[in-house]
There are 2 protein chains.
Amino acid sequence: MKPGDTNVPEVMSGGCERLAPVLSRIGDKWTVLVIILLGRRSMRFNELKRQIGSISQRMLTFTLRGLERDGLVKRTVQASVPPRVDYELTPLGFSLLEPLQHLGSWAVANMPEIEASQERYDAEVEAA
Amino acid sequence: MKPGDTNVPEVMSGGCERLAPVLSRIGDKWTVLVIILLGRRSMRFNELKRQIGSISQRMLTFTLRGLERDGLVKRTVQASVPPRVDYELTPLGFSLLEPLQHLGSWAVANMPEIEASQERYDAEVEAA
DNA sequence: CAGCATCCGATAGGATACTG
DNA sequence: CAGTATCCTATCGGATGCTG
């Protein structure tokens with residue numbers, strides 16, 4: 001299996017199930033974060049790593065490779081010493097930023113209600 | 001940890017990072033699929049299970065519990081014999097359907113380009 | 001600096017068996 | 001029918017050490 005590959009079961013036909021592969025791609029722990037950060041400005045590897053802080057080098061490499069393979073991120077190497085590698089969003093990458101904003105708006109707007117619901121649910125479970 | 005809980009690292013402040021918890025919630029293997037199916041019409045447990053086909057009973061239960069806890073899905077029990085349990089989207093659940101459509105449109109529109117990019121990438125890797 | 005390779009623990013998720 | 005409980009595996013992802 002290639003970097004950033006996922007295996008989603010064929011559920012049924014219809015077209016709206018095309019969502020599943022995309023979600024399982026961007027739904028991992030770091031991908032969206034990297035896209036958002038690179039949406040602000042292009043960055044070098046360690047710059048990105050410092051911004052995120054808690055990501056391991058391994059996972060940042062994995063995440064970037066996956067994004068590069070998908071054509072969402074462009075990787076530019078300058079063969080100097082020490083080497084310099086820049087990452088930037090491609091037009092395709094930028095275009096993903098938009099639907100992500102919609103989801104973000106929804107999240108910001110509804111997170112309080114979700115959290116309230118969770119507390120209610122947990123309280124009820126507690127009572128049992 | 002409660003059903004459907006995720007742990008996302010505090011990356012930095014800013015607000016757009018509120019996306020991360022939502023994505024790690026809906027980014028799992030089944031959640032979005034269930035939301036989409038229930039967006040079509042409310043369904044009983046085994047009805048849902050048959051529709052999806054490849055999901056295990058265990059994971060369907062988990063998924064539905066998480067969605068119920070988040071207030072996205074309403075669970076209605078009819079204490080008959082045999083018992084009948086219906087699942088339906090709440091208004092909050094329906095509201096999530098919309099941003100999901102945006103993402104879905106993006107996916108449908110750009111999947112070919114992504115796949116093309118992947119093949120190009122894999123071919124180049126092969127050449128090494 | 002920007003990685004790859006290795007090891008290892010934590011979690012996701014499937015299969016199966018049992019219950020009200 | 002609609003679950004719960006248990007077991008087991010595969011993958012995710014962190015830590016560490018090495019390299020051009």
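Per chain, numbering begins at 1; letters A, B, ... match sequence-line order. The figures here come from the full heavy-atom set of this structure, side chains too, leaving out hydrogens, waters and symmetry mates.
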Separation of D/dA2 C1' from B/Gln78 CD (nearest whole Å): 13 Å
Candidates C/dG3, C/dG14, D/dG3 - which lies nearest the side chain of B/Met59: C/dG14
From C-beta outward on B/Arg65, which listed nucleotide comes closest to its side chain: D/dA2, D/dG13, D/dT4? D/dT4
Roughly, in whole Å, what's the span from CD1 in B/Ile52 to C1' in C/dG13? 14 Å
So which nucleotide from C/dA2, C/dT16, C/dG20 ends up closest to the side chain of B/Gln57? C/dT16
Testing D/dG13, C/dA15, C/dC4 for proximity to the side chain of A/Lys29, the answer is D/dG13
Tell me whether the rings of B/Phe45 and B/Tyr87 are parallel (<30°), tilted (30 to 60°) or perpendicular (>60°). tilted
Nucleotide D/dT11, atom P - distance to CH2 of A/Trp30 in whole Å: 22 Å
Is the backbone N or O of B/Gln101 less than 3.5 Å from a side-chain atom of B/Ser105, with the two atoms forming a donor-acceptor pair by type? yes
Whole angstrom value for the distance that separates P of C/dC1 from CG of A/Leu48: 14 Å
When the distance from CE of A/Met43 to P of C/dC1 is rounded to whole Å, what number comes out? 16 Å
Thinking salt bridges, do A/Glu47 and A/Arg41 make one under a 4.0 Å N-O criterion? yes
Where each residue is assigned the nucleotide of DNA chain C containing its nearest heavy atom, which of A/Arg58 and A/Leu64 is assigned the position nearer the 5′ end? A/Leu64
Please figure out whether A/Ile55 or B/Arg84 has its closest DNA chain D nucleotide nearer the 5' end. B/Arg84
Whole angstroms only, please: what is the CD-C1' distance between B/Glu68 and D/dA2? 13 Å
Nearest of C/dC1, C/dC4, C/dG20 to any side-chain atom of B/Pro83? C/dG20
Salt-bridge contact B/Asp122-B/Arg120 (side-chain N to carboxylate O under 4.0 Å): no
Do the side chain of B/Lys49 and the main chain of B/Ser56 share a donor and acceptor less than 3.5 angstrom apart? no
Closest to the A/Val85 side chain: D/dG20, C/dG3, D/dG3? C/dG3
Which nucleotide in the set D/dA15, D/dG3, D/dC1 lies at the smallest distance from any side-chain heavy atom of B/Asn46? D/dC1
Under 4.0 Å between a side-chain N/O of A/Tyr87 and OP1 or OP2 of C/dC1, yes or no? no
Expressed as a whole number of angstroms, how long is the span from B/Phe45:CZ to C/dG20:P? 18 Å
Between P on D/dA2 and CZ on B/Phe62, what's the gap in Å once rounded to a whole number? 19 Å
